Amino acid sequence: MESRLVLYGASGHCKVIIDIIESLLLKVDLIIDDNRNVDLLCGRSVVSTKEATLSKNDSLIISIGNNSARKNIAKGLDSNFLSVVHARAIVSKNIEFGLGNVVMPLATINSGAKIGSHCIINTNSIVEHDCIIGDFVHISPRASLAGNVQVGEGTQIGIGAVVIQNIKIGKWAMIGAGSIIISDVPDYAVVVGNPGRIIKYNNND
């Protein structure tokens, strides 16, 4: 069977991934989503999981912005996960890069960084040298991580947030938009403000 490029999730995030794929002169062959209120996205038909037959030859990207949803879907699929990097992103050749990642336009990933799998490195964000990013992380637009920052699985760094060098952020944490992080953040913490302060904890993944 011929290999196809498949997107799982017909969302606004999916629209941006379609743009990335087209920037690479590739094409989307199939979009899957069980939300029956969406049957067309960017001029392409959307089919349900019951209607779709996936082959191990297919290349798949989970095109859903929610970190937990991406993890749950990834656990249930035995697929050839594809990573895509927009043609206008700046990505060092000297990085480690997992599966199923999406790097948006004008994002920067510098030398020595380690990016897990199923991550979103969003528009104009910066991941500096030697950062370690866990699986299912979302670095939001214009967020900036200085050198040697570690971000645990499932964490979201909010839009415009800034993290100074050598900081460790735990798993499934949430860094609020515009926050300035100058000290380590524990697992599940929700942090906002300048300087960042913990306002509550997430219950679980």
Side-chain angles (χ1 to χ4, degrees), residues 3-9 11 13-14 16-28 56-159 161 163 165-173 175 205:
S3 177
R4 300 171 300 175
L5 200 164
V6 180
L7 300 182
Y8 195 120
S11 62
H13 180 56
C14 182
V16 182
I17 294 177
I18 291 171
D19 285 346
I20 294 173
I21 290 167
E22 291 179 345
S23 83
L24 302 172
L25 304 180
L26 301 173
K27 70 181 182 72
V28 175
K56 288 191 175 181
N57 293 325
D58 293 333
S59 296
L60 189 142
I61 301 169
I62 302 174
S63 48
I64 296 173
N66 182 280
N67 296 348
S68 294
R70 284 201 312 286
K71 180 176 181 179
N72 289 335
I73 291 168
K75 287 191 300 184
L77 293 173
D78 180 18
S79 298
N80 175 31
F81 291 112
L82 175 70
S83 292
V84 289
V85 178
H86 194 280
R88 294 178 62 202
I90 301 170
V91 178
S92 170
K93 294 180 180 179
N94 301 310
I95 67 169
E96 294 182 19
F97 203 64
L99 303 174
N101 294 321
V102 176
V103 181
M104 304 294 191
L106 305 180
T108 299
I109 304 175
N110 277 329
S111 184
K114 298 179 181 179
I115 311 296
S117 294
H118 304 287
C119 295
I120 302 169
I121 312 299
N122 220 315
T123 309
N124 267 311
S125 61
I126 298 172
V127 178
E128 262 300 344
H129 65 87
D130 301 304
C131 286
I132 301 175
I133 308 299
D135 298 340
F136 309 105
V137 166
H138 184 174
I139 309 297
S140 298
R142 290 194 174 276
S144 297
L145 309 183
N148 293 292
V149 169
Q150 297 182 33
V151 181
E153 176 186 286
T155 286
Q156 177 150 1
I157 309 295
I159 188 168
V163 184
Q165 66 275 11
N166 303 317
I167 293 294
K168 294 182 179 181
I169 299 175
K171 65 182 180 180
W172 298 100
I175 307 301
D205 296 357

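None of the values given here were measured: they were computed from a predicted structure.
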Asks: Of all residues at least two apart in sequence or in a different chain, which pass the side-chain contact (heavy atoms from CB on, under 4.5 Å) check with Asn66?
Replies: Ile64, Ser68, Ala69
Asks: Which donor-acceptor pairs under 3.5 Å do side chains of residues 116-125 form with protein atoms, sequence neighbours excluded?
Replies:
from   : atom 1 : to     : atom 2 : distance (Å)
Ser117 : OG     : Leu99  : N      : 3.0
Asn122 : ND2    : His138 : NE2    : 2.9
Ser125 : OG     : Asn122 : N      : 3.4
Ser125 : OG     : Asn122 : O      : 2.6

Asks: Who pairs with Asn80 by side chain to side chain donor-acceptor pair (under 3.5 Å), at least two apart in sequence or on another chain?
Replies: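 Per chain and number, Asn80 pairs via side chain to side chain donor-acceptor pair (under 3.5 Å) with Ser59.
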Asks: Does Asn148 form a side-chain contact (heavy atoms from CB on, under 4.5 Å) with Gln165? I'd like the steps, not just the answer.
Replies: CA-CA 6 Å; Asn148 293 292; Gln165 66 275 11; 5.5 Å; no
Asks: Who are the side chain to side chain donor-acceptor pair (under 3.5 Å) partners of Asn110, not counting sequence neighbours?
Replies: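 Counting only residues at least two positions away or on another chain, Asn110 forms a side chain to side chain donor-acceptor pair (under 3.5 Å) with Glu128.
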Asks: So does Gly154 get a backbone contact from the side chain of Asn67, meaning a donor-acceptor N/O pair under 3.5 Å?
Replies: yes
Asks: List the atom of Cys14, the atom of Gly9, and the distance in Å for their closest heavy-atom pair.
Replies: CB-O, 3.1 Å
Asks: Distance from Arg70 atom CZ to Ile61 atom CD1, nearest 0.5 Å?
Replies: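 Between atom CZ of Arg70 and atom CD1 of Ile61 there are 12.0 Å.
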Asks: With sequence neighbours left out, write down each residue that passes side chain to side chain donor-acceptor pair (under 3.5 Å) with Lys27, or none if nothing qualifies.
Replies: Asp29
Asks: List for me each residue that meets side-chain contact (heavy atoms from CB on, under 4.5 Å) alongside Ser144, sequence neighbours excluded, and say none if there are none.
Replies: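 Once residues adjacent in sequence are excluded, the partners of Ser144 under the side-chain contact (heavy atoms from CB on, under 4.5 Å) criterion are Ile126.
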Asks: Under the side chain to side chain donor-acceptor pair (under 3.5 Å) rule, collect the residues that match up with Ser140, sequence neighbours excluded.
Replies: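 With sequence neighbours excluded, Ser140 shows a side chain to side chain donor-acceptor pair (under 3.5 Å) to Gln156, given in chain and number order.
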Asks: Can you measure from CD1 (Ile133) to CD1 (Ile169) and round to the nearest 0.5 angstrom?
Replies: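 Result: 8.0 Å between the selected atoms.
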Asks: What's the shortest heavy-atom distance between Phe81 and Gly100, and which atoms?
Replies: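 Between these two residues, the closest heavy atoms are CB-N, 3.9 Å.
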Asks: Which pairs pass salt bridge (charged side-chain N to carboxylate O under 4.0 Å, His left out) with one or both residues in residues 131-141, sequence neighbours excluded?
Replies: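 Non-adjacent pairs meeting salt bridge (charged side-chain N to carboxylate O under 4.0 Å, His left out): zero.
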Asks: Not counting sequence neighbours, which residues clear ring-ring contact (aromatic ring centres under 6.0 Å, His included) with Tyr8? List them please.
Replies: none
Asks: Ignoring hydrogens and angles, write down the donor-acceptor pairs under 3.5 Å from the side chains of residues 16-23, residues two or more places apart or on other chains.
Replies:
from  : atom 1 : to    : atom 2 : distance (Å)
Glu22 : OE2    : Arg44 : NH2    : 2.6
Ser23 : OG     : Ile20 : O      : 2.7
Ser23 : OG     : Ala87 : N      : 3.4

Asks: List for me each residue that meets salt bridge (Lys or Arg N to Asp or Glu O under 4.0 Å) alongside Lys75, sequence neighbours excluded, and say none if there are none.
Replies: none
Asks: Measure the CD1-CD1 distance between Ile62 and Ile73 for me, rounded to the nearest 0.5 Å.
Replies: 5.5 Å
Asks: Checking side-chain contact (heavy atoms from CB on, under 4.5 Å) for the pair Phe97/Val91: CA distance, chi angles, key distance, verdict?
Replies: CA-CA 10 Å; Phe97 203 64; Val91 178; 5.5 Å; no
Asks: For the CG atom of Leu5 and the CG atom of Leu60, what is their distance to the nearest 0.5 Å?
Replies: 8.5 Å
Asks: Looking at Ala143 and Ile157, what are the two nearest heavy atoms and their distance?
Replies: CB-CG2, 3.9 Å
Asks: How long is the straight-line distance from CD of Gln150 back to CD1 of Ile132, given to the nearest 0.5 Å?
Replies: 4.5 Å
Asks: Do you know which two heavy atoms are closest between Cys131 and Ala146, and how far apart they sit?
Replies: SG-O, 3.1 Å
Asks: How many angstroms lie between CG in Leu145 and CD1 in Ile175, if you round to the nearest 0.5 Å?
Replies: 10.0 Å
Asks: Is there any side chain to side chain donor-acceptor pair (under 3.5 Å) pair reaching into residues 91-108, and which pairs are they, with sequence neighbours excluded?
Replies: none
Asks: Do the side chain of Thr155 and the main chain of Gly170 share a donor and acceptor less than 3.5 angstrom apart?
Replies: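 Here the side-chain-to-backbone pair exists.
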